[in-house]
Amino acid sequence: MIERYTTPAMNTIWSRQAKYQVWQDVEVAIVEAHAELGAVPAEAVATVKQKAAFSLERCDEIEKETRHDLMAFVRNLAENIGEEGRFVHLGVTSYDVIDTALGIMLRNSCDVLLQSAEALADEIARLAREHIDTVEIGRTHGIHAEPITFGFKCANWHAELSRNIERLRQSRDDISVGKVSGAVGIHAITSPEMERIVCEKLGLRPDPVSTQIINRDRHANFLNVLALLGAGLERIATELRNLQRTEILEVQEAFAAGQTGSSAMPHKRNPWNSETVCGLARLLRANAHAMLESVATWHERDLTNSSLERIVFPDSCHLADFMLNRLTAILKGLQVFPDRMEKNLRQMGDLVFSEHVMIALIHAGMSREAAYKVAQRNAAKAWEGHDFKTSVAEDADVKERLTPEQVEELFSLEHHLRNAKHTLVATGLSPSA
């Protein structure tokens, strides 16, 4: 991942130095397990733990010969340990180390992502509570529909993010597995007991049935969870972009003094942060698709997964964390313009209450088709410049069935939004929930 979209928290997991350190932790745990089962002298364990060390530069030198990064690493460990280095990587295959280490790295990545997602959820919850009464026009197909509130919109975002957080928690559990089952997974040299001991030391569960690798359905699921999370973030960012359009301008990203919106047009304040989130979501989806292609292998293992996984795992984790943090920053600095929201809502006058007129007439005994036509013909007058509420109140069919007080309630914004705060309770955002 290019530096622009990396995060410090993910760097501590996915840098090459960090990855090799986890490889070392796995190799040491394997030696310890051998010792517990009597296959390695107990005194050798202390030497291995004390002297185990690696150098990326030295690993690179050895890899020129081995053309195998894990074996270059193992040789570097062994030469630093000395005579007891012969017990390193004893009876295991490369992916016993690589996949077990990967389980640790993905688990730790989930922890980072969950923390970042919870921070975003808190920020969305703040906006939902603050703006549950901030009226705004709801739009379908990009066209004015009926009144909502900005807080209601934010509560909707929060509910979706909460589901993605739960999916991420489930995926964390699914991906927290390791394997020390040997070259084709049959425990020919190692034993299930040894595998259990190693995984337990590393905070993992043994994969119940592995081949040379852990089956990639777990990993594909994880990247699909990240893709779905990214799609949810993109949905929020897309809405923010639309609400920042000049002719709408109901919210605006924070714009720092001296910030450049356009190199050619000094007046521009572009929603570039939201646009960045939308663009990166596409990469998460692409990476998830690539990982789906790696679920199938030839027999017990081939190498088609290896190259793409060096890219899609670190990149997707970095991107997801970057997007979560970027969207959190956007919302923290978001300017909300309630007056503009109300002005936009009133742009079509009272036309947005047409459904209330139709429903009231149905309740008063009119057929749905007839009620629809009454509301629609008065709406047509409004498009020609007449006041919709006045037209409805003076309509003979309406006057025959509804009292002036009933008509007045049909056009009450407070009545229309009377259940908006229920959303806060339903999503757990209300203190009374």
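Given the structure is predicted, the values throughout are model-derived calculations rather than measurements. If you read the sequence from its start, that first residue is 1, and numbering goes on from there.
Atom OG1 of T328 sits about 6.5 Å away from atom CG of L324, to the nearest 0.5 Å. Note that CH2 of W298 is 9.5 Å distant from OG1 of T304, once rounded to the nearest 0.5 Å. Separating the CE atom in M323 from the CG atom in N325 is a distance of 11.5 Å, to the nearest 0.5 Å. Taking CZ of R139 as the start and NE2 of H144 as the end, the distance is 4.5 Å to the nearest 0.5 Å. Here the CG atom belonging to D350 is positioned 10.5 Å from the CG atom belonging to L410, to the nearest 0.5 angstrom. One finds the OG1 atom of T134 at 12.5 Å from the NZ atom of K153 (value rounded to the nearest 0.5 Å).
Taking a cutoff of 4.0 Å between a charged side-chain nitrogen and a carboxylate oxygen, R169 and E118 qualify as a salt bridge. Contact check on K51 versus E84 returns no salt bridge, with no Lys/Arg side-chain nitrogen under 4.0 Å from an Asp/Glu carboxylate oxygen. Using a cutoff of 4.0 Å between basic side-chain nitrogens and carboxylate oxygens, R167 and D174 are not scored as salt-bridged. The residues R86 and E83 are annotated as salt-bridged, a charged nitrogen and a carboxylate oxygen being separated by less than 4.0 angstrom. Between E193 and R196 there is a salt bridge, since at least one side-chain N of the basic residue sits less than 4.0 Å from a carboxylate O of the acidic one. Ion pairing between R205 and D173 holds under the 4.0 Å rule for side-chain N and carboxylate O. The pair E123-R126 counts as a salt bridge, with a side-chain nitrogen and a carboxylate oxygen less than 4.0 angstrom apart.
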side-chain hydrogen bond (donor to acceptor under 3.5 Å, both in side chains), that's the test. Do R245 and N242 meet it? Break it down for me. CA-CA 5 Å; R245 289 163 53 193; N242 266 311; 3.2 Å; yes

Between L327 and L240, is a side chain to side chain contact (heavy atoms under 4.5 Å, CB included) present by the stated rule, with each step listed? CA-CA 10 Å; L327 193 51; L240 293 174; 4.0 Å; yes

Begin from the C-alpha positions of Y372 and M358 and carry the test side chain to side chain contact (heavy atoms under 4.5 Å, CB included) through to its verdict. CA-CA 6 Å; Y372 188 96; M358 179 184 70; 3.5 Å; yes

How far apart are the C-alpha atoms of K373 and L361, what are their side-chain angles, what is the distance that settles it, and do they pass the side chain to side chain contact (heavy atoms under 4.5 Å, CB included) test? CA-CA 11 Å; K373 287 181 178 179; L361 291 173; over 6 Å; no

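Summarising the local packing, CD1 of I189 is surrounded by 12 or fewer heavy atoms from other residues, nucleotides or ligands at distances under 6.0 Å. More than 12 heavy-atom neighbours from other residues, nucleotides or ligands sit within 6.0 angstrom of CG on L90. Atom CZ of F73 has more than 12 heavy atoms from other residues, nucleotides or ligands within 6.0 Å. Shown here is H68, whose NE2 atom has more than 12 heavy atoms of other residues, nucleotides or ligands within 6.0 Å.
Residues L77 and V74 are not in side-chain contact: their nearest non-hydrogen atoms beyond the backbone lie 4.5 Å or more apart. At a threshold of 4.5 Å between non-hydrogen side-chain atoms, the residues L417 and E414 do not count as touching. Taking the side chain as every heavy atom from C-beta outward, M341 and H131 never approach each other to under 4.5 Å. Under the 4.5 Å side-chain criterion, counting only non-hydrogen atoms from C-beta, R16 is not in contact with D69. When side chains are defined from C-beta on, M348 does not count as touching I143, because their heavy atoms never get closer than 4.5 Å. At least one side-chain heavy atom of R301 sits under 4.5 Å from a side-chain heavy atom of S306. The shortest side-chain heavy-atom distance between F222 and M291 does not fall under the 4.5 Å cut-off. With contacts defined as side-chain heavy-atom distances shorter than 4.5 Å, the pair M10/S109 qualifies.
Listed by chain and number, the residues in a salt bridge (charged side-chain N to carboxylate O under 4.0 Å, His left out) with D111 are R172 (sequence neighbours excluded).
Looking only at distances, no side-chain donor or acceptor of R218 sits under 3.5 Å from a matching main-chain atom of N215. Proximity of a side-chain donor or acceptor of D321 to a complementary backbone N or O of T7 within less than 3.5 Å is not detected. A distance-only check finds a donor-acceptor pair linking the side chain of R107 to the backbone of G203 [under 3.5 Å]. Looking only at distances, a side-chain donor or acceptor of N80 sits under 3.5 Å from a matching main-chain atom of A53. Between the side chain of T100 and the backbone N or O of G178 there is no donor-acceptor pair closer than 3.5 Å. Looking at N344, its side chain does come within 3.5 Å of a backbone N or O of I248 through a donor-acceptor pair. A donor-acceptor distance shorter than 3.5 angstrom exists from the side chain of H416 to the backbone of P147, with no hydrogens or angles considered.
Relative ring orientation between H219 and F313 is described as tilted, the plane-to-plane angle lying within the 30° to 60° band. In this pair, F353 and H356 present their aromatic rings tilted. The plane angle is within the 30 to 60° band.
Of the N and O atoms on the side chains of D25 and Q21, at least one donor lies less than 3.5 Å from an acceptor on the other residue. Side-chain atoms of E57 and S55 include a donor-acceptor pair closer than 3.5 Å. In this model, no donor atom of one side chain and acceptor atom of the other lie less than 3.5 Å apart for W14 and T6.
Of all heavy-atom pairs spanning G182 and T190, the tightest one is N-OG1, 4.2 Å. Pairing each heavy atom of V45 with each of A35, the nearest pair is CG2-CB, 3.3 Å.
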